[in-house]
Amino acid sequence: MIDFHCHLDLYPNPKEVIRECIERGLYVLSVTTTPSAWQQSSALVEGADRIRSALGLHPQLAHERKAELELFDALLPKARYVGEIGLDGSPELKRHWAAQVLVFEHILAACKSAGGRVMTIHSRRAVPAVLERLKAADGAGTPILHWYSGGHGDLQRALDLGCWFSIGPAMLVSKKGRALVAKMPLERILTETDGPFATVGNRTAYPWDVDIAVASIAEVKGINREKIKEALYENLRRLLTSTTSSTVAASP
Ligand code: MN
């Protein structure tokens, strides 16, 4: 199975979690929240064929870490995946909005001039603003909106802009989340957990909990689980073959 957005380096026991991911044959994209965390996070998953580390600067940390954009630019040639990036319009982060926009726009421009990247994007309470920037930065790569919680109109706009969606168990608990997933074309979907931040019931989510998302997607779409799994693997293959790897110096 596929967990296309989790934070392996933030589990209290990352090595054990990684070992279990390998044993289970999971494909995992481990996102980072700061450029300075990326090298260590990459080292952690070195040798794990199906696990990759994404270079990110989380919107919630943009105001504290914007000085790391220089490091981001220096590392980008070696990174095939970018995230977690994006914007967060939550009330407690409003006063840092300008810094968030500066960081997000900078990263999109950098991805564009690097020839495009697969990007995993945070858009909580900020979907229209995220889409506006993606539209302006056409060529930045393939955007995957993680844990989408916007409206139905914006969902259509996102699809028109070429966005994909990664869907986790937490998102499928609510009626609203399920209604959104019902409208997402199966060929634009991947699964995620957002562990260890997200929970399943009242425990921390682990990458293998994507099985729960697969079961819910199957239910929402009225298609059996095996067919959903096949479609997700096919999506991952298509996503990775459609992005330019010739511009990436290495693919850690
Ligand atoms: Mn996350």
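Read the numbers this way: they start at 1 and go in the same order the structure lists the ligands and their atoms.
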Strictly below 4.0 Å, N to O, side chains only: are Arg237 and Glu234 in salt-bridge contact? yes
Any chance you could lay out the side chain to side chain contact (heavy atoms under 4.5 Å, CB included) test for Leu69 and Ile107, step after step, and finish with the verdict? CA-CA 8 Å; Leu69 282 175; Ile107 290 175; 4.0 Å; yes
Should the ring pair His63 and His96 be called parallel, tilted or perpendicular, given that the plane angle runs from 0 to 90° and is split at 30 and 60? parallel
Classify the angle between the aromatic ring planes of Tyr11 and Tyr206 as parallel (below 30°), tilted (30 to 60°) or perpendicular (above 60°). parallel
Could you name all protein N, O or S atoms found under 2.8 Å from the Mn ion (ligand 1)? His5 NE2, His7 NE2, Glu84 OE1, Asp194 OD1
Residue pair Lys78 / Trp38, side-chain heavy-atom distance below 4.5 Å: yes
Test salt bridge (Lys or Arg N to Asp or Glu O under 4.0 Å) applied to Glu105 and Lys66, Lys112, Arg133, the passing residue: Arg133
